[in-house]
Structure formats: C-alpha cells, structure tokens
Amino acid sequence: NLVPMAEILKKANKEGYAVGGFNINNLEFLQGIIEAAEEMNSPLILQTSEGAIKYIGIDYVIGMVEAATKNTTIPVALHLDHGSSFEVVMKCIRHGYSSVMIDGSHYPFEENVRLVKKVVEAAHSVGVSVEAELGKIGGTEDNVSVDEKDATYTDPDEAVEFVERTGVDALAIAIGTAHGVYKGKPELDFDRLTDIKSKLDMPLVLHGASGVPTEDVEKAVKLGINKVNVNTDFQQAFTERIKEIFDEKPDLYDPRKYCGPGRDAIKAKVKEKIKMLGSQNKA
Ligand SMILES: O=C(COP(=O)(O)O)N(O)CCCCO
Ligand code: NA
Ligand SMILES: [Zn+2]
C-alpha cells in the first residue's frame with residue numbers, strides 16, 4: 001500500500017531531513033532500492049520518468065511496486081517524475097500512483113501556473129500529491145533536456161506567488177544542479193535556497209543530484225531541501241558492476257549472473273544516499 005508523497009515530505013520538512021526520489025528503470029532497480037530503504041528503515045519515494053513507464057509498461061510498474069510494497073513497514077510513495085501533460089498525469093493517477101510531478105517549467109510562468117493548478121485540483125480531489133518545477137535545471141536525461149544557456153535559476157518571489165496560486169505540495173527549484181553527468185563541478189546557489197526556504201517553509205525538491213558532491217547535498221538538506229532526485233548514479237553503479245563482471249567472465253550468458261551483482265551495486269549506492277539525506281530510521 002502506497003502513501004501520498006505529501007505525508008512523507010511534511011515530516012521531512014518538520015524534522016529537517018530529505019527523502020530520496022529514486023528512479024526505477026527495471027526490476028533490479030526496484031528491488032535494490034526497496035531493499036536498501038527497508039534495511040535502513042527509511043521512507044522512500046519510488047519514481048518513474050515517462051521514459052521508464054514506456055520501457056517497463058505501466059501495468060508492470062504497478063504490479064512490481066505492489067509486490068515490492070506488499071509486506072513493507074516503511075512508508076512508500078509511487079511518483080510520476082517529470083510528467084509532461086495533464087493526460088499522462090491522469091493516466092498514472094488512474095493506475096494507482098500516489099504522487100505526480102507536472103513539469104511545466106519550460107512554459108511561461110502563467111502557463112505553468114494554469115497547468116499545475118489544473119493538476120492539483122484533480123490530484124488533490126483523489127488524495128494524490130503534486131510536485132511542480134519553477135526555474136529550469138540544465139542537463140539531459142530521457143526526454144528531459146535543457147541547454148546550459150536556457151537553464152534559469154528559481155526566483156524566490158515568483159516561487160511564493162507560484163505556490164500560493166497552485167497549491168502544490170512540493171516545489172522543485174533550480175539552484176545550479178543539472179540532470180545527468182556534470183561536465184564541470186556544479187556550484188549550488190545556497191543563498192538562493194536559503195532565501196526561497198525563508199519565504200516558503202514547504203517541501204523543496206532538488207533534481208539532478210547525481211554528481212553533486214556529498215557535502216553539497218548535505219548542505220542543501222540542512223538549508224531546506226526535503227526531496228532529492230537520484231537516477232544517473234544508480235544507472236552508473238549498475239552498469240559499472242556489470243562491466244566488471246564481463247571483464248572477469250566474458251562468456252557469461254545467464255542474466256542473473258550479472259544483473260544480480262548489478263542489483264547489489266544499486267542497493268549499496270542507495271544506502272550511501274540514504275545516509276547522505278538523513279532519512280535513516282525516519283520511517
Ligand atoms: O532529477 C533527476 C535525477 O537526476 P540525476 O540523474 O542527475 O541524479 N530526475 O528527475 C531523474 C530522471 C530525469 C529524466 O528522466
Ligand atoms: Na546530475
Ligand atoms: Zn529531474
């Protein structure tokens with residue numbers, strides 16, 4: 001049984017820690033992530049991008065997550081990451097997602113407000129939580145892509161107006177992170193985060209956390225980030241372990257012999273992230 005993301009993030013905001021928004025790409029990601037969270041007694045936000053839903057199939061996503069959470073004691077939300085339209089959001093809600101992101105950050109402000117407001121009314125009417133984004137983070141992942149020159153930081157005053165007019169449960173902000181692998185060292189605008197948090201004491205979300213130094217993520221959490229999205233680091237952990245396996249045994253052909261160790265690598269990396277976010281024993 002799933003819980004609304006708002007519940008998980010309200011507690012995180014109150015107690016000053018962050019919860020992982022960890023993307024699932026296949027069975028092994030789901031198993032590695034849920035096992036790590038259970039062993040760390042941590043709340044968890046499982047999330048799928050639209051690309052992952054296309055790859056896995058939404059019925060499989062729901063079926064696998066149902067199996068994964070059937071006997072769990074930790075609170076788990078199933079969240080649509082970077083929902084691109086009202087229609088996709090409604091499809092996920094209809095299939096049983098407990099939380100959705102509607103990402104209107106590439107639209108003009110008024111259009112973003114209009115779209116998000118519409119999603120919030122529909123989602124909240126059936127107890128589903130909503131995340132939106134204001135400002136644009138850079139990088140490319142799946143079909144989410146923003147040129148460096150188009151990346152824009154979140155304006156604190158705009159953020160206040162945005163939240164008042166939409167009623168979102170969580171706001172993804174742009175303070176210098178980017179999706180995917182960084183080219184240079186990311187420089188986070190901690191003053192901007194402090195300013196936004198002082199004006200909006202609500203759950204704030206950091207996207208693009210893979211490749212951000214641990215101490216910078218820990219500082220962002222201290223300053224008020226309550227959800228941290230991670231995908232690339234887990235994809236790299238999975239892939240690097242499998243490459244190692246094939247270096248040792250190039251003639252392997254049983255997928256369990258390399259996807260199993262890949263799963264273990266994800267699990268270990270998830271535990272590191274949970275420690276970084278401070279959500280251990282917060283279930
Ligand atoms: O913010 C993130 C994760 O970013 P990263 O992969 O840099 O950790 N995501 O939203 C995950 C997937 C994005 C598009 O599918
Ligand atoms: Na990143
Ligand atoms: Zn993202």
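Remember, it's 1-based here, ligands and their atoms both numbered in the order they're listed.
A side-chain N or O of N231 and one of N25 form a donor-acceptor pair less than 3.5 Å apart.
For the atom pair H79 NE2 and M101 CE, the distance stands at 6.5 Å (nearest 0.5 Å). Here the CG atom belonging to L206 is positioned 11.0 Å from the CG atom belonging to L223, to the nearest 0.5 angstrom. With rounding to the nearest 0.5 Å, the separation of CG in L2 from CG in L46 is 8.0 Å.
For the pair K273 and F22, the cation does not sit on the ring face, since its NZ or CZ is not both under 6.0 Å from the ring centre and inside 45° of the axis.
Distance check for A178 against the Na ion (ligand 2): an N/O/S atom falls below 3.0 Å. Here V181 does not reach the Na ion (ligand 2): none of its N/O/S atoms is less than 3.0 Å from the metal.
Note on the Zn ion (ligand 3): protein N, O or S atoms under 2.8 Å away count 3, no waters included.
Between R263 and E35 there is no salt bridge, since no side-chain nitrogen of the basic residue lies less than 4.0 Å from a carboxylate oxygen of the acidic one.
Near ligand 1, residues N23, S49, D81, H82, E141, D142, V144, A178, H179, G180, H207, G208, A209, S210, N229, V230, N231, T232 come within 4.0 angstrom through at least one heavy atom.
D81 and N23 make their closest contact through OD2-ND2, 3.2 Å (heavy atoms, listed as atom of the first residue, atom of the second, distance). V221 approaches G16 most closely through the heavy-atom pair CG1-O, 4.2 Å.
If you put the vertex on the Na ion (ligand 2), O of S210 and O of G208 sit 80° apart, to the nearest 10°.
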Show your working on salt bridge (Lys or Arg N to Asp or Glu O under 4.0 Å) between E240 and K243 and close with a plain yes or no. CA-CA 5 Å; E240 275 147 33; K243 285 177 179 173; over 6 Å; no
Apply the test salt bridge (Lys or Arg N to Asp or Glu O under 4.0 Å) to residues E39 and K267: give CA-CA distance (whole Å), side-chain angles for both, the deciding distance (0.1 Å), then the verdict. CA-CA 10 Å; E39 290 174 22; K267 183 172 174 178; 2.5 Å; yes
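F109 is listed as a side-chain neighbour of R165, based on a closest heavy-atom distance under 4.5 Å.
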